[in-house]
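Reminder, nothing fancy here: chain letters follow the sequence lines and each chain counts from 1.
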Protein chains: 2
Amino acid sequence: MNDASSKPWTMQQIAAAAGVSVTTVSHTLSGKRPVSSETALRIRGLIDQFGYVPDAGARRLKSGRSGMIGLAVPDISHWYFGRIARGVEELANERDYGLIICSTSNSDPRREKRYFNLLRTRSIEGLVYTASREISPTDELMRMASSSSPIVLADEEVVGLPGVPSVTSLNFAGAQALGRHLRALGHTRAVIVAGFAGLRSTVERVAGIRESFPDAIVVHGDFELQSGYDLVDELLAQGVGFTALFGCNDYMAVGAMRRLHEAGLRVPHDVSVVGFDDVDIAGVITPGLTTVRQDMLEIGRRSAQLLIEGLDAGSMRGIPSVTLPVELVVRGSTGPVAGE
Amino acid sequence: MNDASSKPWTMQQIAAAAGVSVTTVSHTLSGKRPVSSETALRIRGLIDQFGYVPDAGARRLKSGRSGMIGLAVPDISHWYFGRIARGVEELANERDYGLIICSTSNSDPRREKRYFNLLRTRSIEGLVYTASREISPTDELMRMASSSSPIVLADEEVVGLPGVPSVTSLNFAGAQALGRHLRALGHTRAVIVAGFAGLRSTVERVAGIRESFPDAIVVHGDFELQSGYDLVDELLAQGVGFTALFGCNDYMAVGAMRRLHEAGLRVPHDVSVVGFDDVDIAGVITPGLTTVRQDMLEIGRRSAQLLIEGLDAGSMRGIPSVTLPVELVVRGSTGPVAGE
DNA sequence: CATTGAGCGCAATTCGTTTTGCGCAATTCG
DNA sequence: CGAATTGCGCAAAACGAATTGCGCTCAATG
């Protein structure tokens, strides 16, 4: 025969067992109409006994709401996106929403199609989207956004998407603070290990640093540790001289530090290094990485909050974007420029 | 009026527009019965034009399958669980399943209830569960398992759950390797910073180490960095002498290293430290942490694979548990015991 | 004692899709 | 030329819960 788990109980069966109609069972559960306490007690007893739970699919079909929101991140295994995910999950739970996760990994178009389809099929009511690269006007995202689907951009703003709220950090102000910090320490020759050129956050951070270091050399990486390592490798090979290195995120900064270390350059004595984000490893490496702390958890929470507000309001129109403050965290990787 | 996104198209409307019945539209999509190429072309045109997508809820109600699996992890923002999540997500995607994530955070019973309810309401067809603490016989997990719900245990085995397959690493062998490694370096006085006492993995790892260090002192932490720091703090305060320190995971080992460093003890000259897991930070700290590498991605993938196999087979009965190999990774945190 | 009203329960309809049982037409074969 | 076959499309019945119109039974009231 079948497994014990094969068939869950239906309202029908509960009703039959209690000798009443499904309506009465439904009303007992919802309380939309009075049910005699005697009948109610009997029904509730049966429900507990059989472990009946209303089928989510049927409920969903009738109500038109799935009670789920989606989260699309490049890679859920990154600490950084994990924090966002946790924030989104926390708030979704508080508001009684479930969370469906979509890793976009390398922005695989098939994957992308898949989770936007979740929106179309009403599997999810809205989507928190974290971009990791430049969004071209031909992207699905654009199409969805223009059909005014409930979407909130987390962590990374996308230009050309009017009516789509975003939750980001004060990238410019953070970079500004880093620039001034190193400037105050006497540095003049700087290198910026930037992220993808097309990303808004990269542009803002570079601009913030440039305020103090207008002539800084800029090279572009992919936000991964290895990328910071490789880029410094090239710079050293080319004989580029510098005493300050800005990483557009902590991972690249750490990668850069590794390469510098291998080259016999001491941090911060020979080169001061800063990052951005304040990820978990920033505080545990030696020396500690001076960086700008972003509150990723809060970015996740606020994103989910905006999305759910929009869902409740029936439209994302009028939902304002949010920009969160950042904080300069000075650790051991920065110091005064050494006298020659 | 309403938003552009307010009402999606239904099959009814497509059928009406094409001048056919819903049946014909359905058959055009599914191909279960032949449809004249002329009609099919017209219908497909309308579908593309209107951007029609079948409603997932209705489909789900009819088929009884949601096409979703769940993943319950203690904290999605940990790198460690993030890797598991990514593995599960990867495989789920390959098999055309969606993934619903549940952070159990501190094992909040309300949360726990919530995601087991996802199983009951058939919102998810199965669950990959990662335990982070001792499971008592009164837990929901036990109830669900005994009703033979499709559940796979990832990373952590739970005793007393017959018929529930698990995917774990060779904890004993890994710990054994670490013990022998330090033993070969001449160490004799060791401390084990273990995890929760009730966890199978902790028991196995301690046993593996004890093979080489039968008299090792064992203290228990909660797997967090701070916990390793605090425990070493206590040991030092008590004047406990040791030259080898085993962390039951990397985070605690790193925390221990920090405290040792602050106490003026050099790693590995005064104390050799090892961890377990090989998380991202193990390779970037100085000195690098000697540890045992677990393939978390693969644990996630295999867990999802077993679950989906069980779903396809209609029962988890006969699905075998899997134990994955581990690899000793020797870095700078271990060295020969210093001559007194 | 008849009338009203409230309390309570039933049958039927709806949500959007998938799946059958049939029937109608055009073709092919004996 | 009539009969068997095939291609194609329609109507109707599920799936499980939520809602609504309606009717029944008591009790209270004039």
When all nucleic acid strands are considered with a 4.0 Å heavy-atom cut-off, which category describes [X]: base, sugar-phosphate, or nothing?
| X | value |
| --- | --- |
| A:Thr10 | sugar-phosphate |
| A:Val20 | sugar-phosphate |
| A:Ser63 | nothing |
| A:Thr39 | sugar-phosphate |
| A:Arg33 | base |

> Within the distance-only criterion (no hydrogens, no angle test), does the side chain of B:Arg42 pair as donor or acceptor with the backbone N or O of B:Ala18 below 3.5 angstrom?
Replying inline: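 Confirmed, B:Arg42 side chain pairs with B:Ala18 backbone.
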Value in whole Å for how far the [atom2] atom of [N] lies from [atom1] of [X]:
| X | N | atom1 | atom2 | result |
| --- | --- | --- | --- | --- |
| B:Leu61 | D:dA17 | CG | C1' | 9 Å |
| A:Arg122 | C:dC15 | CZ | P | 16 Å |
| A:Met11 | C:dG9 | CE | C1' | 13 Å |
| A:Ile47 | D:dA17 | CD1 | P | 10 Å |
| A:Leu29 | D:dG16 | CG | P | 16 Å |
| B:Gln12 | C:dT18 | CD | C1' | 13 Å |
| A:Arg60 | C:dT17 | CZ | P | 11 Å |
| B:Arg59 | D:dA14 | CZ | C1' | 17 Å |

> Can you tell which of C:dG9, C:dC8, C:dT20 lies closest to the side chain of A:Thr24?
Replying inline: C:dG9
> Can you find a donor-acceptor N/O pair under 3.5 angstrom joining the side chain of A:Lys32 to the base of D:dA18?
Replying inline: no
>> Quick test of your reading of the model: are B:Arg133 and B:Glu112 salt-bridged, counting only N-O distances below 4.0 Å?
In response: yes
Is [N] paired to anything, Watson-Crick or G-U wobble with both distances less than 3.5 Å, and if yes, which nucleotide?
| N | value |
| --- | --- |
| C:dC1 | D:dG30 |
| D:dC10 | C:dG21 |
| D:dT19 | C:dA12 |

> In this structure, are over 12 heavy atoms from other groups packed under 6.0 Å from B:Gln12 atom CD?
Replying inline: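 No.
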>> Both B:Ala58 and B:Ser30 contact DNA chain C. Which one's nearest nucleotide lies toward the 5' end?
In response: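 Looking at DNA chain C, the more 5' nearest nucleotide goes with B:Ala58.
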> Taking the nucleotide of DNA chain C with the closest heavy atom to each, which residue, A:Lys62 or B:Trp9, is nearer the 5' end?
Replying inline: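 Residue closer to the 5' terminus by nearest nucleotide: A:Lys62.
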Would you indicate, yes or no, if [N] has its OP1 or OP2 atom less than 4.0 angstrom from a side-chain nitrogen or oxygen of [X]?
| X | N | answer |
| --- | --- | --- |
| B:Tyr52 | C:dT17 | yes |
| B:Ser36 | D:dG9 | yes |
| A:Thr23 | C:dG9 | no |

> How long is the gap from NZ on A:Lys32 to OG1 on A:Thr23, to the nearest 0.5 Å?
Replying inline: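 Result: 14.5 Å between the selected atoms.
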> Between CZ of A:Arg302 and CG of A:Leu324, what distance do you get to the nearest 0.5 Å?
Replying inline: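 Taking CZ in A:Arg302 and CG in A:Leu324, the distance rounds to 6.0 Å.
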> Between B:Arg114 and B:Asn117, does any side-chain donor sit less than 3.5 Å from a side-chain acceptor?
Replying inline: no
